[in-house]
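Okay, so here's the structure we're looking at.
First the proteins, then the strands, lettered A, B, ... as listed; each starts at 1. Just so it is clear, the values below take in all heavy atoms, side chains as well, and ignore hydrogens, waters and symmetry mates.
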Number of protein chains: 2
Amino acid sequence: MTHLDAPPGLETAERILHEAAALFRTKSFNGASMQDLATAVGITKSSLYHHYPSKQALLAEIVEVTMSRMPPLVAEIAALDIPAASRLHRAIALHTAESIRERDYLACFSEESRYLSPAFIGLHREKKDRYEALFQQLIEDGIDSGDFVAQDPSLAAMAVLGMCDGAIRRYRPEDGYSPDDIATAFANAAIRGLGVHDLEQIDAGEATP
Amino acid sequence: MTHLDAPPGLETAERILHEAAALFRTKSFNGASMQDLATAVGITKSSLYHHYPSKQALLAEIVEVTMSRMPPLVAEIAALDIPAASRLHRAIALHTAESIRERDYLACFSEESRYLSPAFIGLHREKKDRYEALFQQLIEDGIDSGDFVAQDPSLAAMAVLGMCDGAIRRYRPEDGYSPDDIATAFANAAIRGLGVHDLEQIDAGEATP
DNA sequence: GTCTATAGGCGGATAGAC
DNA sequence: GTCTATCCGCCTATAGAC
């Protein structure tokens, strides 16, 4: 990219990554071809390989970027000195809002990462499990503290995380809900679902960090 | 009279359909090849075409079978003369349990149906929307009757149905939960999430029909 | 850093023998 | 109803010119 051009946006490598994430979400990893990607970016198929060595590498990079971004955000919330129910509310709202706003990347993280090559998939599974364990731990904390009713934390986490994944697939901008609208509704539903009667006692902070 | 469960030694066409559903769930429609399917069934790729004219036709048939099966079951529950909260509890438990037990077919219905050819996808979307509207209607009924707290029924349905979809992807038999375990936990969580404090007042019937 | 050209393989699907 | 053999197109990826 030449210095004389006014910054028309992102560098080519990043534009490629963005378009790849979008295509992988909409057509799935196996349904999106390198030709599709080249067309979306506006270069030839061959030129893609100057920036990334393979289609697999693109997916790995998208997943890696997301994996580096989300856990610290949720871990920070989990470490707050407020009740478990409030921490979980914030964590779910953040995760949901981000899932919608950055749905191209989060879709690759949550749905397309299963197509990572065998060399990478084991490590990714571990990281993803650790990320999701943050939510389960908050649920366990809330049960222990009496914020939530006694229940199986593993099934509760499964319900909550599945609900959040659904936001990516079901979100349609034209429906008129903002990411924060959905994030708040989902966090409220989850906290109530865990057994909190009165949402007034929840310190929800800001849905958007 | 289609059998969703694998019958011991039945007709080739049905074994093909069953294996196709399994492959489409595990490798996704675009990731599973006709060669994969032929190998799984134990015949050659060519022989598949004696039973089904195309890969698309296989997906369409799987989706159609499921679409013919589920809505009547949920509609029957929706028509019961019990409170909306009880009807929704039963509907969610049924849908979740069935999603897990027949996850190959339900995964094709909920996740892979997006790869239906343009000729079929419009009609399918309509049917799927009608099916999901059954759940949203139950939520609206419950809000109107005062069973549930006031809230956006569209977002609530989105949360509930996303949670149920998640059961398919997240279920692992080796974790030791039965489909009914998960179905009951999810139905309880959903009903509480909608604002019912006391699950004792729910007439949950049997999770398995 | 982008292009043209092409390799090499696998995809879905078909023809026709038995 | 299953087989062998084959078509053809698209796939990922590479070579090498500019």
Step-by-step side chain to side chain contact (heavy atoms under 4.5 Å, CB included) determination, B:Arg101 to B:Asp180: CA-CA 9 Å; B:Arg101 271 194 292 263; B:Asp180 281 353; 3.5 Å; yes

Test side chain to side chain contact (heavy atoms under 4.5 Å, CB included) applied to B:Asp152 - qualifying residues, sequence neighbours left out: A:Tyr177, B:Ser154, B:Leu155

Over 12 foreign heavy atoms within 6.0 Å of CZ, B:Phe120: no

Derivation and outcome, side chain to side chain contact (heavy atoms under 4.5 Å, CB included), residues A:Phe148 and A:Ile191: CA-CA 8 Å; A:Phe148 305 143; A:Ile191 295 305; 4.2 Å; yes

Side-chain heavy atoms of A:Arg90 within contact of A:Leu80, under 4.5 Å: yes

Partners passing side-chain hydrogen bond (donor to acceptor under 3.5 Å, both in side chains) against A:Ser47 (at least two apart in sequence or in another chain): A:Thr44

Residue pairs passing the salt bridge (Lys or Arg N to Asp or Glu O under 4.0 Å) test where at least one lies in residues 28-37 of chain A, sequence neighbours excluded: A:Lys27-A:Asp36

Nucleotide N/O to protein N/O under 3.5 Å, stretch nucleotides 4-7 of chain C:
unit_1 : atom_1 : unit_2  : atom_2 : d
C:dT4  : O4     : A:Ser46 : OG     : 2.7
C:dA5  : N6     : A:Ser46 : OG     : 2.8

Check: A:His95 ring centroid to A:Phe186 ring centroid under 6.0 Å: no

Listed partners of B:Asp175 passing salt bridge (charged side-chain N to carboxylate O under 4.0 Å, His left out), at least two apart: B:Arg172

Contact interval (first through last nucleotide) of DNA chain D with protein chain B, 4.0 Å heavy-atom: D:dG1 to D:dA5

Contacts of type salt bridge (charged side-chain N to carboxylate O under 4.0 Å, His left out), residue A:Lys127, not counting sequence neighbours: A:Glu64

d(CG, B:Leu23; P, C:dG12) in whole Å: 11 Å

Contacting residues from residues 111-122 of chain B, given that a heavy atom lies under 4.0 angstrom of DNA chain D: none

End axis versus end axis in the helix from C:dG1-D:dC18 to C:dC18-D:dG1, the angle rounded to 10°, five pairs used at each terminus: 0°

Given DNA chain D, 5'-ward residue of the pair A:Ala32 and B:Ile43, judged by closest heavy atom: B:Ile43

Atom of B:Met163, atom of B:Ala190 and distance for their closest heavy-atom approach: CE-CB, 4.0 Å

Pair listing, side-chain hydrogen bond (donor to acceptor under 3.5 Å, both in side chains) test, anchored in residues 156-166 of chain A, at least two apart: A:Asp165-B:Arg169, A:Asp165-B:Arg170

Side-chain heavy atoms of A:Phe109 within contact of A:Lys128, under 4.5 Å: yes

Interface residues of residues 49-58 of chain B with DNA chain D (non-hydrogen, below 4.0 angstrom): B:His50, B:His51

A:Glu76, CD atom: more than 12 neighbouring heavy atoms under 6.0 Å: no

Contacts of type salt bridge (charged side-chain N to carboxylate O under 4.0 Å, His left out), residue A:Asp141, not counting sequence neighbours: A:Arg87

